[in-house]
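I have placed the structure first, in the form of structure tokens, so that the comments after it can refer back to it.
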Amino acid sequence: MDIKQSQINIGTLGHIDHGKTSLVKSLTNIWTDRHSESIKRNMTIKLGYADAIIRKCEKCEGASAYTIEKVCKKCGSVPKPVLRFSILDAPGHETLMATAISGANIINGILFIIAANEPCPMQQTREHLMIINLLGIKNAIIVQTKVDLVGKDKAVEHYKQIKEFIKGSEIENAPIIPSVPNRNINTDVILELISKMNLPDFDLQADPLMYIARSFDVNKPGSAIDSLKGGVLGGTLIRGKLKVGDTISILPGINRQKGKHSAYSEILTVIVGINTGTDDIEEARPGGLIGLATQIDPALTKADSLVGMVLGHKGKMPKVSEEINAVYTQLARNDIQATGFSKEEPIALSVGTATVLSYVSASKKNKVKIRFSHPVPVVKGTKMAVMRRINHRLRLTGYAVME
Ligand code: ZN
């Protein structure tokens with residue numbers, strides 16, 4: 001029987017031009033490059049997503065036994081499913097880093113992509129290693145792409161540059177795999193390594209909490225009223241389990257009175273179905289993106305309108321607040337000078353799958369008081385990426401941890 005739900009979420013990091021999309025395609029058969037319309041209202045980031053089942057052929061040997069195909073291409077026998085994994089990806093450089101920080105409790109491992117046709121490290125690559133160290137990620141595979149463009153000697157030299165670059169970092173001992181994704185060179189080796197990654201230790205007993213990453217109206221325009229289906233919510237559970245039939249609360253919910261923050265009210269509904277992209281399941285746990293069919297008025301869920309909200313069991317949700325205290329840490333970025341926050345400075349915060357316009361209402365040393373433009377669920381220890389406006393651009397300058 002096939003594995004119905006993803007067991008591990010892997011984030012991608014690496015310079016944007018280093019061949020990430022074709023690597024993900026070779027590992028999952030899915031193109032994640034659907035970002036053109038990704039940054040929509042509320043500056044929300046649409047995460048690229050792909051998942052696949054790694055299978056192992058029992059007749060073939062070594063890495064060549066690992067495949068995502070249902071029939072082994074080398075010997076024709078039927079390989080057995082070993083692990084279902086998902087890849088989460090984000091567009092651009094600043095948003096990719098912000099997503100890695102705010103998604104730190106979703107991402108269980110990293111594919112770090114470094115192209116061989118440029119010296120290592122490039123500036124972006126250096127910043128990504130800084131994020132890896134910051135988050136303490138050890139579960140990583142470094143993929144050296146574009147080796148076919150440089151020839152063997154250059155590739156070996158570049159490999160040594162990577163080795164030197166990661167020395168002393170969290171991923172010092174990570175495997176470095178040369179690869180040519182569009183010719184499937186070493187795809188099997190990477191699949192074998194993914195299948196052997198340490199599986200995350202999800203807290204299944206906790207009250208469930210899910211970040212909403214997508215929301216849809218699945219009805220065709222003009223559907224008859226009695227055949228209308230309720231709104232569908234896509235997202236990832238960070239802890240606990242959800243079952244068909246559960247009554248759920250969605251926060252912060254709907255603003256009933258435009259412009260007044262205190263007028264938000266939670267949305268209550270019942271889960272009528274759970275889907276993992278390939279299978280309907282009765283009970284979901286953390287791992288990959290899941291889709292929840294609900295009884296919500298589909299007009300409320302259309303066009304990703306609930307993205308950034310969180311959901312869980314009714315009565316078991318974290319408190320929401322429009323103001324919090326947090327501890328701010330500045331990132332060491334070459335081209336950004338550290339300066340204190342000005343009073344009421346507007347900032348963009350990435351919290352889970354939400355990007356929230358916020359204001360720094362007070363700051364003293366690394367302690368900051370932050371006012372959100374709408375209520376945000378408060379879970380102590382949550383890491384939020386902080387983006388400040390510098391020379392008319394939003395730049396990631398650091399992160400803040402909720403107190
Ligand atoms: Zn085989």
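Ligands are counted one by one from 1 in listed order, and the atoms in each one are counted from 1 as well.
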- Item | Residues H128 and H93: side-chain donor-acceptor under 3.5 angstrom | yes

- Ring centers of F372, Y359 separated by less than 6.0 Å: no

- For residues L396 and E94, report the shortest heavy-atom separation together with the two atoms involved. N-OE1, 2.7 Å

- Query: Can you tell me if CG on D153 sees more than 12 non-hydrogen neighbours from other groups inside 6.0 Å?
  - Reply: no

- Heavy atoms of other groups near K74 NZ, more than 12 under 6.0 Å: yes

- Item | Within-2.8 Å protein N/O/S contacts of the Zn ion (ligand 1) | C57 SG, C60 SG, C72 SG, C75 SG

- Message: Salt bridge or not between E118 and K146? Use side-chain N to carboxylate O under 4.0 Å.
- Response: no

